[in-house]
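These numbers were taken from a predicted model, which means no experiment stands behind them. For the numbers below, each heavy atom of this structure counts, side chains included, while hydrogens, waters and symmetry mates do not.
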Amino acid sequence: MPSKYSVKHYIEDEIYHVYNRGVEKRPIFKDESDYKTFLFFLKRYLTENPNEVRPRWRVDLFNNLSLLAFCLMKNHFHLLLKQKSKDATTIFMRCLSNSYTKYFNQKYSRVGPLFQGKFKAVPVQKDEYLLHLSRYIHLNPTGDKNITRSDLVNLEKYGYGYTSLPEYFGERSTKWIKPEIILDYFSNSTNDAKFIKYKEFIT
């Protein structure tokens with residue numbers, strides 16, 4: 001029976017919380033190079049490359065899909081995506097899953113599916129839910145949604161490097177991550193003010 005979170009009909013200009021985990025809850029990231037390879041594929045599909053000649057890379061995706069936030073955990077991942085065309089999320093996730101599974105299977109001499117079925121996608125239709133999801137995704141590595149402001153300096157030990165939180169704190173700028181869509185809810189002034197207000201929001 002299809003999951004109740006498996007969207008059948010996608011909508012243009014809609015935001016989706018997309019996630020999946022390893023088959024039987026097994027790890028999908030075993031070392032640092034695995035995380036970096038998954039990030040490479042995110043970048044590869046979401047960045048324009050005018051010299052690209054291999055159509056299998058779906059060079060048009062960067063025009064039709066924006067990554068708002070992400071978090072990579074040992075046996076699962078969360079992505080917050082906004083699509084412009086109705087099939088962008090499906091194409092992107094198919095390419096991402098296939099590419100990473102091929103890499104993972106070759107590296108660890110395994111065969112078969114890596115992920116637990118089709119990815120799950122939940123439409124985000126309310127502003128409050130969108131902001132809540134960004135907080136949930138970014139604090140997912142801590143396992144504690146009541147993290148204090150002083151704890152933020154220690155987030156790296158929880159896997160801080162494998163989330164988009166640095167973009168929301170103004171500590172990193174990545175072309176293929178689009179935090180401004182969410183940050184604009186927190187201030188109509190400078191970027192510094194938005195970063196401060198977002199940090200206050202998640203603590």
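- A salt bridge between R26 and E24 is present, with a side-chain N of the basic residue lying under 4.0 Å from a carboxylate O of the acidic one.
- Side-chain atoms of T190 and D192 form no donor-acceptor pair, as typed in the model, at a separation below 3.5 Å.
- To the nearest 0.5 Å, atoms OG (S85) and CG (L65) are separated by 8.0 Å.
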Evaluate salt bridge (Lys or Arg N to Asp or Glu O under 4.0 Å) for K82 paired with D13, printing each intermediate quantity in order.
CA-CA 6 Å; K82 181 175 183 179; D13 295 316; 5.5 Å; no
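- With contacts defined as side-chain heavy-atom distances shorter than 4.5 Å, the pair F92/R94 does not qualify.
- At least one side-chain heavy atom of L114 sits less than 4.5 Å from a side-chain heavy atom of Y100.
- Taking NZ of K74 as the start and OH of Y35 as the end, the distance is 7.5 Å to the nearest 0.5 Å.
- Heavy-atom minimum distance, P166 versus T163: CD-O, 3.5 Å.
- Although no hydrogens or angles enter the test, the distance criterion places a donor-acceptor pair under 3.5 Å between the side chain of K178 and the main chain of K175.
- Contact check for F41 versus C95: no side-chain heavy atoms found under the 4.5 Å cut-off.
- In this structure, N75 contributes its side chain and I28 its backbone to no donor-acceptor pair below 3.5 Å.
- A cation-pi arrangement is absent between K199 and Y168 under the rule of less than 6.0 angstrom and at most 45 degrees off the ring axis.
- At least one side-chain heavy atom of N140 sits under 4.5 Å from a side-chain heavy atom of H78.
- Evaluated for a ring pair (Phe, Tyr, Trp, His ring centres under 6.0 Å) with F77, the options F70, F29, F115, Y19 yield exactly one hit, F115.
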Trace of the side chain to side chain contact (heavy atoms under 4.5 Å, CB included) decision for Y16 with L79
CA-CA 8 Å; Y16 294 93; L79 306 175; over 6 Å; no
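- Atoms CE and NE2, from M73 and H76 in turn, are 4.5 Å apart once rounded to the nearest 0.5 Å.
- Scanning all heavy atoms of the two residues, the minimum distance from Q83 to K86 falls at NE2-O, 3.4 Å.
- Using a 4.5 Å cut-off on side-chain heavy atoms (C-beta onward), V18 and K120 make no contact.
- Grouping the Ile, Leu, Val, Met, Phe, Trp and Tyr side chains by contacts below 4.5 angstrom, directly or via other members, places L72 apart from V23.
- In this structure, T101 contributes its side chain and N98 its backbone to no donor-acceptor pair below 3.5 Å.
- Across every non-hydrogen atom of H17 and I137, the tightest pair is CD2-CD1, 4.1 Å.
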What's the verdict on side chain to side chain contact (heavy atoms under 4.5 Å, CB included) for L80 and L67, showing C-alpha distance, side-chain angles and the deciding distance?
CA-CA 6 Å; L80 198 52; L67 176 63; 5.7 Å; no
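- Side-chain contact between Q116 and N20 is present, with heavy atoms from C-beta onward closer than 4.5 Å.
- L96 is listed as a side-chain neighbour of L42, based on a closest heavy-atom distance under 4.5 Å.
- Residues L68 and L81 approach most closely at CD1-C, 4.4 Å, considering heavy atoms.
- In plain terms, the two heavy atoms of Y129 and P123 that are nearest each other are CE2-O, 4.0 Å.
- Cluster membership check: L165 does not share its hydrophobic cluster with I196, using side-chain heavy-atom separations under 4.5 Å among Ile, Leu, Val, Met, Phe, Trp and Tyr.
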How far apart are the C-alpha atoms of K194 and Y185, what are their side-chain angles, what is the distance that settles it, and do they pass the side chain to side chain contact (heavy atoms under 4.5 Å, CB included) test?
CA-CA 8 Å; K194 295 176 183 179; Y185 284 93; over 6 Å; no
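- Taking the ring centroids of F195 and Y198, they lie at or beyond the 6.0 Å cut-off.
- Nearest heavy-atom pair across S134 and F201 is OG-CE2, 4.2 Å.
- In this structure, R110 contributes its side chain and P113 its backbone to a donor-acceptor pair below 3.5 Å.
- Applying the side-chain contact (heavy atoms from CB on, under 4.5 Å) criterion to T174, with sequence neighbours excluded, gives E167, R172, W176, I177.
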For side chain to side chain contact (heavy atoms under 4.5 Å, CB included), just list the numbers for T37 and Y103, CA-CA rounded to whole Å, side-chain angles, deciding distance to a tenth of an Å, and then say yes or no.
CA-CA 8 Å; T37 298; Y103 153 82; 3.5 Å; yes
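- Atoms CD1 and CG, from I182 and L130 in turn, are 4.5 Å apart once rounded to the nearest 0.5 Å.
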Determine, step by step, whether D31 and K107 satisfy the salt bridge (Lys or Arg N to Asp or Glu O under 4.0 Å) criterion, reporting the C-alpha distance in whole Å, the side-chain angles of both residues, the deciding distance to 0.1 Å, and the verdict.
CA-CA 11 Å; D31 60 25; K107 178 177 179 179; 2.9 Å; yes
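- In this structure, CD on E180 lies 7.5 Å from CG on L183, to the nearest 0.5 angstrom.
- For the atom pair F169 CZ and S164 OG, the distance stands at 10.5 Å (nearest 0.5 Å).
- D34 and Y108 share a side-chain donor-acceptor pair at under 3.5 Å.
- Between Y162 and E32, the closest side-chain pair of non-hydrogen atoms falls below 4.5 Å.
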